[in-house]
Protein chains: 2
Amino acid sequence: MNPRPARSITVRPRPIMVEPGRGADPCSTCGARGNSVCDAIGDEDLERLATVAIVTDVEPGKTFIHEGDSADNFFNITSGTAKLYKLLPDGRRQITGFARAGVFLGLAVSSTYAFSAEAIDRVRFCRFPRPKLQALLEDFPAMEKRLLETASNELVAAQEQMLLLGRKTARERVASFLIAQGLLSLPCRHAHDEIALPMSRGDIADYLGLTIETVSRTFTRLKNEQLIAIPTATAVSVLDRAGLLSLAEGYESDN
Amino acid sequence: MNPRPARSITVRPRPIMVEPGRGADPCSTCGARGNSVCDAIGDEDLERLATVAIVTDVEPGKTFIHEGDSADNFFNITSGTAKLYKLLPDGRRQITGFARAGVFLGLAVSSTYAFSAEAIDRVRFCRFPRPKLQALLEDFPAMEKRLLETASNELVAAQEQMLLLGRKTARERVASFLIAQGLLSLPCRHAHDEIALPMSRGDIADYLGLTIETVSRTFTRLKNEQLIAIPTATAVSVLDRAGLLSLAEGYESDN
DNA sequence: CGCACACTTGAACCCCCTCAACCCAAGTGG
DNA sequence: CCACTTGGGTTGAGGGGGTTCAAGTGTGCG
């Protein structure tokens, strides 16, 4: 059941606006552009994009999207990692995803956000006021096409997560999580197959529909079975990727 | 873990094409148009739409989208109900949603379908070959906008379902399911608050991440508590909507 | 050092699953 | 008409995977 007792009260962040409107436009130097919907806009129109985007930093632990609030802005993460989550009244929490650089947030069609978002490490994002983004989409239909693409991708990921939450065992969930995280950090692989885990055990638990204790126990069990190694609490290296993968996909019916 | 023993082999359906290309165009008389992405296309262009849409019927129990198959078509349900699901190799199944009239399927960005779809009752849909739909979207950007809207809506629903699967108890899941089904059948309310359940107990179980037995037991328990009545196995009427709702939303922490 | 905080480990419990029987309505065939 | 089958749904008893509660083990930081 896992009802959390009195989660710490979330203070609305006072975000730091970066280079408020002057200096070189931030979009042309944005490292996240390649992965994001913004790459639908050509170099020649980047200035237009930059006039709409409000670059903002938030500190770790700060919540910058509040479920139920009026959805006045869209967000595009450019660095750092945020967790997206929904709460039940007694404090039970489900993390629906982790948003890294390039992820676009705020596609709530209704007038309010359907989830909350909290920075895990230091997060920088571009904020787009809704009417201004609407106008932008009118002028750049290619961007709308990209938005549809990313929404479709997220939908596929969400279905995969439903399979995990509804039908997989704790071991399979953790294995799936590690495989997925490993795929994400493939481009920036430092050393062998070491995976950085910026989120806490509690976050992983709330993402996988488990408790902290079960996540921890499962990690040590996978370690004892030589499938992974755990150099530090915030990193995991995969020793037997094939074994982990077949676990994640639901073979190895034995527990 | 609920591994299904040898699920019945699925035979590829030989669908029945309805009025293959002649007669009055089906789109102008389509009852589902108001709920679907097709209402983005004006009356004057319906003929163009009709030349692209291939109306097809499938029998109950037939699978008409196979996970992993090449995603060559898009589908728009016009009547009946289908279940969308993913399987694990040992037969464990997760139903990710039920598709009613107006639902648009096939937004798999990768080249293959991410899920399977099977008709529950008799289903009729419009099939759009991928390249033809692409061309259609070029000509009618309003339709693309509608697609983005529906994809966003489904994303919100998927997040809600993750919360259910990851953090709700069996009672809360069943209550949530009944509330959601009740909302859907609000427009066509026959008598009081009777909800038609075209899907079997097994389907409900695989949708809620439970077993058939738990679903059945929970139904009878809710009945004994006077929250619902069960006139037939395929219908439920809500006696205490407020109570059911507060259960669904996670109040009533007692089991 | 000592405190805080995250993570780990242990033991008992419990909700839901498993397995099995039973009910019941709808065929089906003699 | 009745015996038999079939398939969905219900109910019961027992077991197990993950939770709960509680204690221990780092580990960073003032």
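As the structure is a computational prediction, the values presented were derived from the model and not from experiment. Throughout, a chain's letter reflects where its sequence line sits, starting with A, and its residues are numbered from 1. Quick note: numbers below take in every heavy atom, side chains included, and nothing from hydrogens, waters or symmetry partners.
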A:Thr56 vs A:Phe64, side-chain contact (heavy atoms from CB on, under 4.5 Å): CA-CA, chis, key distance, verdict: CA-CA 10 Å; A:Thr56 309; A:Phe64 59 93; over 6 Å; no

By salt bridge (Lys or Arg N to Asp or Glu O under 4.0 Å) - contacts of A:Glu160 (at least two apart): B:Lys86

Atom pair CE/CD1 of A:Met199 and A:Ile120 - distance to nearest 0.5 Å: 5.0 Å

Counterpart residues, side-chain hydrogen bond (donor to acceptor under 3.5 Å, both in side chains), relative to B:Ser176 (two or more places apart): B:Lys168

Value in whole Å for how far the C1' atom of D:dG18 lies from CZ of A:Arg221: 13 Å

Rounded distance in Å - CD1 (A:Ile120) to P (C:dA6): 13 Å

Interatomic distance where CG belongs to B:Asp206 and C1' belongs to C:dC16 [whole Å]: 15 Å

Ring geometry between A:Phe75 and A:Tyr113 (parallel below 30°, tilted from 30 to 60°, perpendicular above 60°): tilted

Atom pair CD1 (B:Ile230) and NZ (B:Lys223), whose distance is rounded to the nearest 0.5 Å: 5.0 Å

Approximate separation, where rounding is to 0.5 Å, of A:Thr234 OG1 and A:Arg201 CZ: 8.0 Å

Could I get a table of every N or O pair under 3.5 Å where one atom is in the protein and the other is in nucleotides 23-30 of chain D?
none

B:Arg92 CZ to B:Gln94 CD distance, which is reported to the nearest 0.5 Å: 11.5 Å

Gap between atom CZ of B:Arg127 and atom CG of B:Leu105 - 0.5 Å precision: 13.5 Å

Within the sub-3.5 Å range, which N or O atoms of nucleotides 22-27 of chain C have a protein N or O partner, and how far apart are they?
none

Test side-chain hydrogen bond (donor to acceptor under 3.5 Å, both in side chains) applied to B:Thr220 - qualifying residues, sequence neighbours left out: none

Nucleotide-resolved protein contact map, nucleotides 5-13 of chain D, B/S/- at heavy-atom distance under 4.0 Å: ----SBBBB

A:Leu178 CG to A:Leu227 CG distance, which is reported to the nearest 0.5 Å: 10.0 Å

Length of the CD1-P vector between A:Ile204 and C:dA6, whole Å: 14 Å

Distance, rounded to the nearest Å, where A:Leu208 contributes CG and D:dG18 contributes C1': 13 Å

Separation of C:dC17 C1' from B:Arg173 CZ (nearest whole Å): 13 Å

Interatomic distance where NZ belongs to B:Lys168 and C1' belongs to C:dC15 [whole Å]: 18 Å

Length of the CZ-C1' vector between B:Arg167 and C:dC15, whole Å: 15 Å

